[in-house]
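Remarks on the structure that follows.
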There are 2 protein chains.
Amino acid sequence: MNEAGVRGDAQETASNRAEAAEQLALAKLFETFGASRDVKKNAFIFRSEEESQEIYFVQDGLVKISQFAQEGQSITLFLRHKGEVFGAAEVLTGQKRQRYARCITDSRILSIPAASFIGLLRQHPDALYALTVANARRLLQTQRYVETLVSRPVAWRLAQLLLQLGVRSGKETVVTLPLSHEEISYVIGCSRQTVTETLGRWRDDGIVRYEKKQVVIFDTDAFEARL
Amino acid sequence: MNEAGVRGDAQETASNRAEAAEQLALAKLFETFGASRDVKKNAFIFRSEEESQEIYFVQDGLVKISQFAQEGQSITLFLRHKGEVFGAAEVLTGQKRQRYARCITDSRILSIPAASFIGLLRQHPDALYALTVANARRLLQTQRYVETLVSRPVAWRLAQLLLQLGVRSGKETVVTLPLSHEEISYVIGCSRQTVTETLGRWRDDGIVRYEKKQVVIFDTDAFEARL
DNA sequence: GATATTTTGTCGGGTAGCCGACTGTTTTCT
DNA sequence: AGAAAACAGTCGGCTACCCGACAAAATATC
């Protein structure tokens with residue numbers, strides 16, 4: 001399983017599976033209603049303030065949902081991997097886009113018109129129920145993320161992100177980062193320099209080795225224990 | 001309208017009304033299924049780690065939903081006023097309680113057993129839809145709150161809270177705080193001292209006057225403009 | 001109405017993380 | 001392949017905010 005579970009919303013590995021299952025059921029339905037298209041890296045799927053006319057489903061690739069904050073600063077609320085839905089919240093509430101969605105990598109995106117989406121939910125109470133559960137899960141995740149922002153230091157949040165993104169093999173965990181330090185800083189809520197510096201310190205301390213986009217945690221258990 | 005909209009989740013005044021309407025529709029249904037009871041100030045309605053066997057509706061009073069963070073520290077995710085539902089997320093996802101709910105003031109709470117709640121949603125697609133929309137709204141609110149935590153200083157967050165809690169009359173805004181400084185610090189994510197000090201500075205600067213639990217913002221427009 | 005408990009006010013010291021700046025390295029683009 | 005852009009590394013100064021600690025005021029308790 002590749003799309004382990006990167007999300008601004010902290011932990012989750014057990015319930016990822018549950019969410020994936022729920023969304024898979026939805027996906028089947030969506031495919032009959034939507035149109036697929038390829039979207040290039042860095043392209044926007046929707047922008048803040050636009051009308052919310054579609055919802056989306058990641059068929060392949062990686063998408064971030066972010067907000068502009070003060071002065072060009074950005075905050076990434078979560079990442080959406082292959083098999084996940086995004087953009088539904090504003091459609092349901094009938095608001096304009098509050099956030100923007102942008103591709104991290106080249107992606108294949110299925111889009112479903114808002115009317116079809118709502119009609120579909122109205123006609124398939126099971127789909128509606130699945131969506132409600134998925135949203136409840138996301139709400140709890142986001143709330144847990146609030147907790148980490150307030151009470152955990154940057155190093156902890158970064159560690160958590162690496163562990164989620166990484167694939168464990170034996171003692172080691174290998175993380176192939178699709179994100180630059182700057183992107184990471186948006187996800188964990190800090191400055192770019194702090195990401196670079198924290199990673200650098202770990203390397204100097206012999207906890208981690210890395211070059212290019214590949215980070216390897218030497219002793220995963222020890223790493224987790226240190227948190 | 002008194003229960004304007006205090007929530008850990010930042011702003012919202014326009015869409016509060018919409019949410020209130022949605023929840024009112026739900027409330028009617030709930031009343032036929034649930035049992036009412038009086039709960040004293042500071043009493044817990046549910047605690048972290050408990051099984052999620054009921055959902056709740058605030059008939060009167062004020063309830064906070066919080067999480068324990070590191071070392072006895074607490075974080076209040078949001079406040080629930082008269083007419084609002086809480087505790088549904090964990091019931092929907094079938095998880096244990098992630099957070100705890102505690103009364104800020106003496107309150108009257110309607111509780112609906114999980115099974116009834118889910119059965120009700122299954123039988124009334126309209127109710128399910130209303131809940132989904134309400135949850136989507138809350139998700140967006142919480143995400144906006146994340147943004148403020150990362151990018152706005154404590155003073156801004158405190159100001160925001162006061163404005164939400166307050167009742168405006170002319171230039172002034174009168175805020176009758178049901179919360180101690182410590183409780184406020186949990187809501188806006190900072191230390192108790194910082195709340196006291198910020199409020200004190202505003203008073204010294206002649207922006208605000210207060211005694212006991214009553215805070216008065218002299219010139220609301222100027223106050224908002226300063227943010 | 002006296003006592004205990006909670007809340008508020010205030011102070012100083014400590015620090016995590018921000019911010020600007022600049023350099024070198026990678027990646028992208030044509 | 002070479003130029004331009006994006007990214008990573010590093011440094012020093014700065015400050016918002018935390019954390020104890022303690023006294024005074026307010027509130028709750030009996």
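Naming convention: chains lettered A, B, ... in sequence-line order (proteins, then strands); numbering from 1 in each chain.
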Answer yes or no: is there a donor N or O on one side and an acceptor on the other, between the side chain of A/Ser111 and the main chain of A/Tyr56, under 3.5 Å?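 No.
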Whether B/Thr105 side chain and B/Leu62 backbone form a donor-acceptor pair below 3.5 Å: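 Checked: pair present.
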Distance, rounded to the nearest Å, where [X] contributes [atom1] and [N] contributes [atom2]:
X	N	atom1	atom2	value
A/Gln214	C/dT26	CD	C1'	16 Å
B/Tyr210	C/dT7	OH	P	15 Å
B/Tyr186	D/dC18	OH	C1'	14 Å
B/Leu199	C/dG9	CG	P	7 Å
A/Leu177	C/dT27	CG	P	13 Å
B/His181	D/dC18	NE2	P	15 Å
A/Leu149	C/dA16	CG	P	18 Å
A/Arg152	D/dC18	CZ	P	17 Å

Please work out if [X] contacts a base, only the sugar-phosphate, or nothing of the nucleic acid, heavy-atom cut-off 4.0 Å.
X	value
A/Gln193	base
A/Arg203	sugar-phosphate
A/Ser180	sugar-phosphate

Under 4.0 angstrom between B/Thr196 side-chain N/O and C/dT7 OP1 or OP2: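 Answer is no, no contact under 4.0 Å.
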Contact under 4.0 Å: B/Lys212 side-chain N or O vs D/dT27 OP1/OP2: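 For D/dT27, OP1/OP2 do have a side-chain N/O of B/Lys212 under 4.0 Å.
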Between [X] and [Y], is there a side-chain N and carboxylate O pair less than 4.0 Å apart?
X	Y	answer
B/Glu50	B/Arg97	no
A/Glu172	A/Arg168	no
B/Lys41	B/Asp106	no

Closest-nucleotide ordering on DNA chain C, the 5'-leading residue of A/Lys41 and A/Pro153: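 On the 5' side of the pair lies A/Pro153.
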At less than 3.5 Å, do the side-chain atoms of A/Arg192 and the base atoms of D/dG9 form a donor-acceptor pair?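 Pair found.
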